Amino acid sequence: MNIMEWITVCRSDDIVESLGVGALVAGRQVAVFKVEGKFYAIDNFDPFSRANVLSRGLVGDLKGELVVASPIYKQHFSLKTGHCLEDESVSVTAYAVRVQGGLVQVALNSSVEQAA
Amino acid sequence: MSSDRKQKQKLVVVGNGMVGHRFVEQLVQADGLNQFDVVVFGEESRPAYDRVHLSSWFTGTAAEELSLVPEGFYEQAGVALILSDKVCRVDRELCEVVSESGRKVSYDKLVLATGSYPFVPPVPGHDRDGCLVYRTIDDLEAIAETARTAKVGAVVGGGLLGLEAAKALKDLGLETHVVEFAPRLMAVQVDEGGGQMLRRKIENLGVTIHTSKNTQLITDGEGAVHQMQFAGGDVLNTDLVLFSAGIRPRDELARDCGLELGERGGIVINDHCLTSDNTIYAIGECALWGGKIFGLVAPGYQMGQAAVDHLLGEQGAGFTGADMSTKLKLMGVDVASVGDAQGRTPGALSYHFIDEEKEVYKSLVVSKNKKKVLGAVLVGDAEEYGSLLQIVLNDIKPPASPAELILPQASGNVPKGLGVAALPETAQICSCFNVSKGELSSAVAGGCQDMASLKEATSVATGCGGCAAMVKQVLDHELEQLGVEVKRDICEHFSYSRQELYSLVRVGEIKSFNDMLEQYGTGKGCDICKPTIGSILASCWNEYVLKNEHAALQDTNDYFLANMQKDGTYSVVPRVPGGEITPEKLIVIGEVARDYNLYTKITGGQRIDLFGVQVHQLPEVWKRLVDAGFETGHAYGKSLRTVKSCVGQTWCRYGVLDSAGMAIRLEERYRGLRSPHKLKMAVSGCTRECAEAQSKDVGVIATEKGWNLYVCGNGGMKPRHADLFATELNDEQLFQTIDRFLMFYLRTADRLQRTSVWLENLEGGLDYLKEVILEDSLGLGDQLEAEMAANVDSYQCEWKTTLDNPEKLKRFRHFVNSDKTDTNVVFVKERKQIRPARAEEKNDQSIIAKTA
Ligand code: SRM
Ligand SMILES: Cc1cc2nc3c(=O)[nH]c(=O)nc-3n(C[C@H](O)[C@H](O)[C@H](O)COP(=O)(O)OP(=O)(O)OC[C@H]3O[C@@H](n4cnc5c(N)ncnc54)[C@H](O)[C@@H]3O)c2cc1C
Ligand code: SF4
Ligand code: FES
């Protein structure tokens, strides 16, 4: 049993609707997105280009799945699970996010997979 | 050597014109080279070229572009091609041909493809200097040379070729006359009414037409080089006389060696294209079949195929005659003639339609019992050519009142013609390449789902082009049949094509993506529809791209107003209009690059790219550039990139206009314009073309008489030579034409479709585009210009606006919660500058020269 450790990243209005930001969370690069007022966090590292760029991708949905498109080679990653839609064998880590008192917080030690 | 190997036969082809060359291609395709060693003789100095489009030479098409022979074709096929050597004798006893240079080549089979020559009436004086004909590229050179010192030109002959020749003289800037013996123009192809309408239209273009004129003497002129004297006493003074009074088969070789000829010439052939000697074939315009010479290229190609089939012992259809229907554009006037255009069939009935206002003439000929359409003439509007031709060729029954087939469609009426669905599979759609409806259907079923791929797979519509509209109809019909809903939806969120989205935005005055989504889309959008609609919104309203409701639509590059590189850093490209830059500005670029340790490179677009800028550095770097007077170069945008220039008249000894100045004006006019794909332009100061304008979306070349405008060129993955679009424009006309051209492209192109691909897929092609832009056939001109003016007026440098906007600058950091930078960005030195470290270099920390 893990105890969630919530780390504050920024204020909820520091992120513009339908965009992402990069955050340094206990030494780890995380991409945090705001879509229709809800927040999502996955790794900022794009396994295809091996660059820290996912926070700068375009957000949208494909067949109902919320995704970000990598700005370099355009693969899509699920914002909820981190899975890559184009290649089943690839995924990035997705993290739990919450908003407390107007602050966006990410729990690193509990990826969404484990939490689920 | 090895005696059991079957000896190949020797095949000699005389003539390397359109048909002779096609014959060799057909032979190669049928694996005929396994059975024959082939030698081809050509009298002209060039390998086969496209005579059908000969006239385009006068409007800028180079001789090489007219070539029909792909580079290395004969060498690769192992066929000997001997040019500039005329065959002067055929020895049928020895089975040998002898050439002018003395070559002797023996043959087992001989193919005569010697074509025809222009008939010059034996009028006294016909051989004076400056009396010319129109058949070969050499003829064109002679015409252009004579025209240089001429003011007036007269064409003898008002037939199809005569009118083409007249167009050429007009393009050369001569006062042009057409002298015709018969009482009307194009007497062979069109009826009386059609001839009258044609005359009227051509006279409106400033060509003087003289009909019923019989030239009796050509002698010294008064105030001009020649004087043509006509029966009845009239005269015409002219500097150049161009004979275009019909063609005669080149049957001299056949005559000398005793082959059977027609009464009025032509080498008699049977259905296999065999002459009276069964080792000798004749094909193309030198051959006489069923008492007829076929003066068009498609029947010649069919003869070639028949000869190949027979030579290889294959069962083919043979040559069974050909339809002489034609559709042409003569001096911009559509003219078509189908079947029995003159109504010569006994008992035939005809219908005529004349619209004096629009200058359209149409006639339809049907059989006595009205069960069969026999022919038609269309002048001024030949849209129904394809369907009428098919109706005639396939004996399709006309409606009860046949006149409906040519009457203009009242709005709300059912579409006329009988539609491609009614055609049998065997219906020949393209006569140049003998492509049937059935072949098109299977190509479509096999995956060719647009015009470009159909053309590539079947060659359809790549000859005279007359069949293009029909092919498009078959394509759409077949796609529908296949249940491929002709789907042009850009993505799952919008079931609309880019064109449709564009007009929804324009017409509905929609200003944001969310409004579009609400009214016309589903879901939340994606990385296809967001940037597409973002770009359309920008094309239409030109608002600041990082404005809140637009920001999330932008690709990373557009959002950060810079180009992301493989390691997540950016490149920065300031605009350098026309490639002209002051030393002070060069120094600023140098200083910025030095201070931020950036990799510097001169781009292929005449400007300077600074690589390795990290996201947080972008605003600082741009602050310095903007302060020094630079603007964004939009290297990231689907928008105008660069307008390349040469130094032009100002410095260059050959320049005739200020190309650099014009390039700067163009770049300043169109900078920032968001479009379906990137746009590139160039301006050259003379025809030496140092700015490579003919490889650009918009290319401008200076001439002594003004600017020549080229459009739809492309470098890149599939290079395309630009097409000459308009000539001798002054500055204002140039801007006006480009304004319209660009806005029309913005309106109608697909997502990520460069102008080159757009034009290739545009129904009606270049001619249609010219009509819309130059003749304003859709009446859109003013609107397109106004739309462009709005864009020009609302231009802003996005970087300048962004620097003034602290809210926007917030996202320009790598971490929202820390000033640290990305430790994964690592550079090493190479050739005295930085470059991104490779993975193995990153692991080997010792060799890394990290930048601060
Ligand atoms: C920097 C430059 C190469 C250089 O070092 O010289 C360059 C760099 C890129 N080109 Fe280019 N092209 C550059 C001149 C050209 C040229 C030459 C020219 O413009 O005269 C061409 C051929 C001409 C043409 O476009 O017709 C060219 C044809 C392409 C193409 C193929 C386009 C096509 O229609 O086939 C692409 C891919 C695309 O756009 O889809 C491309 C795409 C790219 C991209 C954007 C690829 C990418 O997505 O990362 C490169 C990034 C630019 C950057 O990071 O700044 N680049 N590219 C040149 C920038 C010119 C400038 O000042 O803006
Ligand atoms: C301006 C113009 C416009 C035209 N427009 C159209 C059109 O729109 N549609 C259409 O269907 N047709 C058109 N035509 C007609 C078309 O070009 C001809 O039907 C076609 O070229 C005939 O091909 P061919 O090979 O029989 O003859 P050619 O193309 O004339 O080729 C014959 C070749 O044989 C060479 N030759 C002759 N004798 C010898 C010898 N003894 N030894 C060696 N070589 C020899 C000649 O020099 C020539 O190069 C047009 C023609 C012209 C001139
Ligand atoms: S295109 Fe002509 S004017 Fe321009 S640099 Fe070249 S030669 Fe000189
Ligand atoms: S009919 Fe000439 S290209 Fe098809």
Side-chain angles (χ1 to χ4, degrees), chain A residues 7-36 41 44-46 48-77 79 85 103-106, chain B residues 491-493 513-514 517 521-531 534 546-560 562-570 614-616 636 807-808 810-826 836-839 842:
Chain A
I7 302 170
T8 297
V9 166
C10 60
R11 293 203 335 256
S12 61
D13 54 11
D14 284 338
I15 309 181
V16 178
E17 168 59 32
S18 295
L19 289 176
V21 297
L24 193 57
V25 186
R28 191 161 182 104
Q29 294 208 21
V30 175
V32 186
F33 300 90
K34 172 151 99 185
V35 185
E36 294 179 342
N44 196 23
F45 186 76
D46 168 14
F48 293 96
S49 64
R50 309 194 61 75
N52 290 305
V53 293
L54 291 184
S55 62
R56 288 174 266 167
L58 260 170
V59 169
D61 65 346
L62 289 181
K63 306 218 164 65
E65 176 105 41
L66 273 186
V67 291
V68 62
S70 162
I72 298 207
Y73 301 118
K74 314 288 174 187
Q75 292 87 354
H76 299 90
F77 296 91
L79 291 186
L85 270 56
L103 297 177
V104 180
Q105 299 180 322
V106 173
Chain B
C491 68
E492 64 177 71
H493 305 99
F513 179 79
N514 283 342
L517 200 59
T522 56
K524 305 190 201 319
C526 65
D527 55 316
I528 305 292
C529 58
K530 283 183 173 181
L546 296 188
K547 196 174 156 184
N548 269 352
E549 60 252 62
H550 305 323
L553 309 178
Q554 312 302 333
D555 267 320
T556 303
N557 284 356
D558 290 75
Y559 189 99
F560 291 95
N563 295 51
M564 183 182 271
Q565 302 299 313
K566 60 203 286 186
D567 60 350
T569 65
Y570 289 90
Q614 300 187 52
V615 64
H616 67 278
Y636 46 82
E807 246 334 276
K808 292 296 164 204
K810 274 195 187 160
R811 201 168 169 235
F812 287 82
R813 30 192 323 208
H814 194 71
F815 298 118
V816 66
N817 58 346
S818 162
D819 286 335
K820 294 213 173 94
T821 56
D822 186 357
T823 49
N824 192 31
V825 170
V826 181
R838 293 188 271 270
K842 286 189 190 172

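It should be emphasised that the depicted structure is a prediction, and the values quoted were computed from it without experimental measurement. Lettering follows sequence order; numbering is per chain, from 1. Just so you know, these numbers use all the heavy atoms, side chains as well, and skip hydrogens, waters and symmetry mates.
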Over all atoms of both residues, closest heavy-atom pair of [X] and [Y]:
| X | Y | answer |
| --- | --- | --- |
| B/Ala552 | A/Glu17 | CB-O, 4.0 Å |
| B/Gly568 | A/Ala51 | N-CB, 4.0 Å |
| A/Ile72 | B/Lys566 | CD1-O, 3.5 Å |
| B/Lys530 | A/Leu58 | CD-CD2, 4.0 Å |

For this session: Any chance you could measure B/Ile528, atom CD1, to A/Lys74, atom NZ, to the nearest 0.5 Å?
Result: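 Rounded to the nearest 0.5 Å, the CD1-NZ separation comes out at 8.5 Å.
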Exercise. Roughly how far, to the nearest 0.5 Å, is CZ of B/Phe815 from SG of A/Cys10?
Worked result: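 Taking SG in A/Cys10 and CZ in B/Phe815, the distance rounds to 13.5 Å.
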Main-chain N/O of [Y] paired to [X] side chain as donor or acceptor, under 3.5 Å:
| X | Y | value |
| --- | --- | --- |
| A/Arg56 | B/Asn557 | no |
| A/Asp61 | B/Lys524 | yes |
| B/Asn824 | A/Arg50 | yes |

For this session: Please flag which part of B/Asp527 lies under 4.5 Å from any non-hydrogen atom of chain A: side chain, backbone, both or neither.
Result: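 For B/Asp527, heavy atoms of backbone and side chain both lie under 4.5 Å from chain A.
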Exercise. Listed by residue number, which members of residues 21-32 of chain A have a heavy atom under 4.5 Å from any heavy atom of chain B?
Worked result: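 Result: A/Val21, A/Gly22, A/Ala23, A/Leu24, A/Gln29.
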For this session: Counting only heavy atoms closer than 4.5 Å, note whether A/Leu66 contacts chain B via side chain, backbone, both or neither.
Result: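 Only the side chain of A/Leu66 comes within 4.5 Å of chain B.
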Exercise. Are B/Val816 and A/Val9 side-chain neighbours, meaning at least one heavy-atom pair lies under 4.5 Å?
Worked result: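 Side-chain contact under 4.5 Å: yes.
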Problem set entry | Largest heavy-atom contact set with chain B, pairs under 4.5 Å, which of A/Val53, A/Asp46, A/Val67 |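 Ranked by heavy-atom pairs under 4.5 Å with chain B, first place is A/Val53.
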Exercise. Of all of B/Asp555, B/Asp567, B/Val615, which one pairs up most often with chain A through heavy atoms under 4.5 Å apart?
Worked result: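 Looking at each of B/Asp555, B/Asp567, B/Val615 in turn, B/Asp555 comes out on top.
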Exercise. Which one, B/Lys820, B/His493, B/Lys810, B/Gln565, leads in non-hydrogen pairs under 4.5 Å with chain A?
Worked result: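 Between B/Lys820, B/His493, B/Lys810, B/Gln565, the count favours B/His493.
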